[in-house]
Amino acid sequence: MKPIKLCLVAGFASTSVLANQGPPQWSPGFGGDISILAGYTNTTSQFNTDNSVTADLDSNGESQSDGFVSPLGTISYTMEQADKQIYFGTSRSDVALGRFHVELGYRQRIPDNGQISISYVPGLLSSDTWEDPFVTNSPRTETDSTIKGVRLQYDRILGSNFSVELSGGKQEIDSEKSGQTLTSEQQALLEREGDILFTQLSYLKPINREQIFRTAVSYTRLAADGDAMANDTYGAEVGIIQMLPSSSLALTFSYDLADFDETNPVFNERQKDNRWGVFLAYEYQEPFGWENWGLVSLAGYNESNSNIDFYDEDALLISAGINYKF
């Protein structure tokens with residue numbers, strides 16, 4: 001489902017959200033954080049829907065280049081006491097971590113003990129994939145993939161530098177026809193719909209007034225209907241944020257190991273992926289003296305190396321945009 005490309009497009013990342021040593025102050029009433037990002041991506045993947053015909057299943061597909069313009073942001077309403085907030089949209093902090101979705105949620109601040117958030121992800125944003133990715137020498141048919149679920153987050157647990165997230169949901173494919181030329185038993189192994197569980201523990205530590213260190217570990221379980229698609233993914237992130245006089249710079253490295261449950265009947269191998277990425281993000285605050293405005297940019301690269309060549313992917317992103325907070 002083109003996870004690398006999606007994370008890169010999502011990762012334009014205002015570093016100021018991660019750079020804040022404490023949560024920003026809320027003001028009663030409506031507020032927002034709106035961004036527009038333009039950029040260029042180059043991806044190599046069998047799941048590029050611009051490349052509908054593949055001659056064989058022994059390679060990772062052809063390279064595709066695209067330009068894009070993408071609006072992102074969140075609208076919120078803060079209660080009179082300024083400790084409770086309802087919000088809708090795509091938060092900049094999630095975008096900075098490569099998690100791209102629209103959610104409706106509620107946040108509650110606990111004095112000196114952090115912040116608790118609960119939200120619903122309705123699956124408004126879909127990604128394109130193939131009904132049957134394994135068709136050769138004929139055009140493959142596109143379909144939509146969506147994820148719906150709920151999230152529970154506790155930031156700065158009991159006032160500490162630790163945060164935790166627990167999310168659960170369901171991955172849905174509008175038209176699942178993987179492995180049409182195989183037996184019904186083999187097709188059942190390739191079904192991609194299923195339940196998703198995501199957990200993450202993160203740690204944010206100021207090194208000094210200008211530098212902040214962030215690290216995180218995560219576990220994801222995709223309990224797909226097809227055992228060959230079900231997998232456990234173990235992840236780690238390490239990042240450093242540098243504050244400058246009127247700007248901020250962040251460098252983040254990530255690594256994931258995905259281990260699948262059963263042998264894929266198309267390739268007669270059990271899939272295992274090693275995925276890594278690097279992001280360099282920059283924000284310049286109040287350009288030309290424009291209050292509440294910011295210029296943002298990102299260069300990023302992600303790569304997935306699989307023991308099955310068909311699932312190898314890589315993606316490059318170069319982007320720039322503008323952000324407005326009110």
Side-chain angles (χ1 to χ4, degrees), residues 1-12 37 39-68 70 98-101 125-147 171-180 190-194 196 220 222 224 226 228-231 233 235 254-260 264 266-267 269-279 298-319:
M1 268 72 78
K2 297 191 293 186
I4 290 178
K5 183 176 181 180
L6 185 60
C7 287
L8 279 173
V9 172
F12 80 96
L37 180 74
Y40 164 85
T41 61
N42 181 273
T43 61
T44 303
S45 171
Q46 279 285 4
F47 292 87
N48 278 334
T49 50
D50 292 336
N51 181 20
S52 65
V53 179
T54 185
D56 59 65
L57 304 180
D58 298 325
S59 66
N60 59 349
E62 296 182 3
S63 177
Q64 300 288 331
S65 297
D66 294 293
F68 66 89
S70 178
R99 296 181 291 188
F100 189 59
H101 49 254
L125 299 178
S126 63
S127 59
D128 296 329
T129 187
W130 303 119
E131 289 185 348
D132 183 357
F134 310 114
V135 173
T136 58
N137 298 312
S138 296
R140 292 177 283 190
T141 302
E142 293 183 29
T143 190
D144 287 334
S145 170
T146 56
I147 294 177
Q171 177 171 281
E172 299 179 349
I173 309 292
D174 283 357
S175 180
E176 173 60 278
K177 298 181 180 180
S178 294
Q180 295 177 79
L190 297 171
E191 292 183 2
R192 292 165 287 178
E193 289 196 325
I196 299 176
T220 306
L222 172 56
M229 296 291 101
N231 66 83
T233 301
S254 63
Y255 173 77
D256 295 286
L257 171 64
D259 192 15
F260 289 71
N264 187 312
V266 177
F267 304 99
E269 285 190 74
R270 184 167 65 90
Q271 185 179 347
K272 182 176 288 187
D273 298 342
N274 289 279
R275 306 165 183 164
W276 66 274
V278 57
F279 295 94
L298 174 78
Y301 180 77
N302 269 24
E303 183 174 303
S304 179
N305 296 310
S306 177
N307 62 322
I308 299 174
D309 291 343
F310 181 84
Y311 292 106
D312 284 348
E313 297 184 329
D314 63 70
L316 171 71
L317 170 74
I318 301 172
S319 65

Does [X] reach the main-chain N or O of [Y] with its side chain, forming a donor-acceptor pair under 3.5 Å?
X	Y	answer
Glu193	Ile173	yes
Asn231	Ala258	no
Gln271	Ile308	no
Asn307	Arg270	yes
Asp128	Thr49	no

Can you confirm whether [X] sits close enough to [Y] that some side-chain heavy atom of one is under 4.5 Å from a side-chain heavy atom of the other?
X	Y	result
Leu317	Phe68	yes
Asp309	Asn60	no
Leu190	Glu176	no
Tyr255	Asn274	yes
Thr129	Thr143	yes

Is there a side-chain contact (heavy atoms from CB on, under 4.5 Å) between Asp314 and Thr44 once you walk through the steps? CA-CA 5 Å; Asp314 63 70; Thr44 303; 3.6 Å; yes

What pair of heavy atoms forms the shortest contact from [X] to [Y], and how long is it?
X	Y	answer
Ser178	Phe134	CB-CE1, 4.1 Å
Pro133	Arg192	CG-NH1, 3.8 Å
Tyr40	Ser65	OH-OG, 3.1 Å
Ile196	Gln171	CD1-CB, 3.9 Å
Val278	Asn302	N-OD1, 4.1 Å
Asp256	Gly235	OD1-CA, 3.1 Å

Any chance you could measure [X], atom [atom1], to [Y], atom [atom2], to the nearest 0.5 Å?
X	Y	atom1	atom2	result
Leu316	Thr43	CG	OG1	10.0 Å
Phe260	Leu222	CZ	CG	7.5 Å
Ser70	Leu37	OG	CG	6.5 Å

Where does the angle between the aromatic ring planes of Phe47 and Phe310 fall among parallel (under 30°), tilted (30 to 60°) and perpendicular (over 60°)? perpendicular

Partner residues of Glu62 under the salt bridge (charged side-chain N to carboxylate O under 4.0 Å, His left out) criterion, sequence neighbours left out: none

Of all residues at least two apart in sequence or in a different chain, which pass the salt bridge (charged side-chain N to carboxylate O under 4.0 Å, His left out) check with Glu131? Lys177

Using side chain to side chain donor-acceptor pair (under 3.5 Å) as the criterion, list what pairs up with [X], not counting sequence neighbours.
X	result
Glu191	none
Asn264	Tyr311
Ser306	Asp273

Salt bridge (charged side-chain N to carboxylate O under 4.0 Å, His left out) pairs touching residues 137-146, sequence neighbours excluded, are none

Say whether Ser45 and Glu313, considering side chains only, have a donor N or O and an acceptor N or O under 3.5 Å apart. yes

Looking just at side-chain N and O atoms, do Asp66 and Gln64 make a donor-acceptor pair shorter than 3.5 Å? no

